[in-house]
Amino acid sequence: MAVFALVDCNNFYVSCERVFDPRLEGKPVIVLSNNDGCAVARSNEVKQLDIRMGAPVFKEKDKIRRYGIQVLSSNYALYGDMSQRVVQVLSGFCPDMEVYSIDESFLDLSHMGGQNLTALGRRIGATVKKHTGIPVSVGIAQTKTLAKIAGRIAKKSARTQGVLDLSETRYHDRALEITEVEDIWGVGRRYAKFLRVYGITNARELRDADAAFIRKKMGINGLRLIEELKGRSCYPLDSNPLPKKNITVSRSFGRVVGCLDELREAMTSYATRGSEKLRSEKLVAGVMAVFLMTDRFRPERFYYHTETVRLSVPTNNSPEIIRGALSCLESIYKEGCLYKKAGIFFHELGSESMAQRGLFDTVDRERSSRLMDSLDRINASMGKDTLRYASSGLSATRTWPTVFNHRSPAWTTRWDQLPLVR
DNA sequence: TCTGGGGTCCTAGGACCC
DNA sequence: TCTGGGGTCCTAGGACCC
């Protein structure tokens, strides 16, 4: 029989910040999305104040002031690094693991038969906390969907001390009954609303619902969901995820932008970031697309336009991609619009080593790839954007970049920002 | 004034073919 | 009154995830 454990970092971004700034311990803390827009991580104290995941921060100004909530911009360099440390510790417990997201991993415990799994879960939690400072919850069950449910209960109920083992079927009914339908993995807002209309309000009712009906309304995934809730695994551990199919770089601007020159700077910087991402995954793109959009919260004058081009030869070379992106940008730019966001997509990704040379390709690929290599190495060792393209604009005069007004230092990834202990 | 970013998979419908 | 049927491929859009 399959047994999965879900290890989920509690309030991950907030916990990362607390590791390096213990003054935040015990205080209400939120971490914001890009542009300091919405709350994307909340400490338990904040969750109790009924500030929702994704809540726009300007709507919560009152509560922030009244309760003295500490507000931080996101610091992805820190979270990415802390995430790797957690994965490192987990891999010592179980070689068969799937890193599901920045703060969650599934472990395959099928071959740990005979062990007390709750005790194992506790050891995992204690070790992660000791080695990284990050608190985790552990849910254990026969399927990933049930492990998610177990993990959720473990996180909320103090009695579980952070670990809940549901691998014994007799506990299922109770656990599923206390899980609201919208809290099931795979049930989003739309399906939750629909299910409630038909009187299905919790996970037990969904498990026992008519499979043909669910198949018809929710497709094949609805059927799989029911099977998983019954304890029959449909989603195996995926330890070698397939290579990416798309790569996106997009950002909201710090303020609206109407001027083409400024849009060129922003697009240069997104195209550069996109090329870096391609190179770091050893991929080349065959097709790219650029988009521009105005403020989506002003639907009466909303403008969104996109332009797609096929690259003459699949590439990850920054100058080529920048050139293509700027020419797309010019073809969709409309004077008089105030843009709020732009971005670039890459499709038809292929492996760098398999990339074919075009018949009429005049670029010296060998040489330009060595140049990109040196560029990446310098930026990796001396800090992001140490070397960048002039068309991305001078730092002092740029007004479009995304805002991070409350960012903590890159404690773990920049020599110049290491914490000092006095 | 102020509302993120980056992904995946599935389905329906149209074009096209025999 | 009358419309073939069935396959494949592609794309757009919807739903979900963190």
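Since we're looking at a predicted model, the values are computed, not measured. In what follows, chains carry the letters A, B, and so on, assigned in the order in which the sequence lines appear, proteins first and then strands, with residues in each chain numbered from 1.
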- Query: With nearest nucleotides of DNA chain B determined for Phe58(A) and Val249(A) from heavy-atom distances, which residue corresponds to the more 5′ nucleotide?
  - Reply: Phe58(A)
- Note on the structure: Sorted by position of nearest nucleotide on DNA chain B, 5' first, the leading residue of Ser252(A) and Asp295(A) is Asp295(A)
Determine the contact category for [X]: base if any of its heavy atoms lies under 4.0 Å from a base atom, sugar-phosphate if only primed atoms, P, OP1 or OP2 are that close, otherwise nothing.
X         : value
Ile184(A) : sugar-phosphate
Leu32(A)  : nothing
Asn221(A) : sugar-phosphate
Arg255(A) : nothing
Asn246(A) : sugar-phosphate
Lys148(A) : sugar-phosphate
Arg273(A) : nothing
Arg52(A)  : nothing

- Query: Out of Arg18(A), Lys63(A), Lys27(A), which one pairs with Glu45(A) under the salt bridge (Lys or Arg N to Asp or Glu O under 4.0 Å) rule?
  - Reply: Arg18(A)
Taking [X] for the side chain and [Y] for the main chain, is one N or O donor matched with an acceptor at less than 3.5 Å?
X         : Y         : answer
Glu307(A) : Val290(A) : no
Asn317(A) : Glu320(A) : yes
Glu352(A) : Lys282(A) : no

- What's the spacing between Ile344(A) CD1 and Arg273(A) CZ if we round to 0.5 Å? 12.5 Å
- Paired nucleotide for dG13(B) [Watson-Crick or G-U wobble; both distances under 3.5 Å]: dC10(C)
- Message: Applying the side-chain contact (heavy atoms from CB on, under 4.5 Å) criterion to Leu229(A), which one of Asp208(A), Thr179(A), Ile149(A) satisfies it?
- Response: Ile149(A)
- Item | Interatomic distance at P, dC18(C) relative to dT3(B), whole Å | 24 Å
- Does the separation of the ring centres of Phe297(A) and Phe302(A) fall below 6.0 angstrom? no
- Item | chain A contact limits on DNA chain C, taken 5' to 3' with a cut-off of 4.0 angstrom to heavy atoms | dA15(C) to dC18(C)
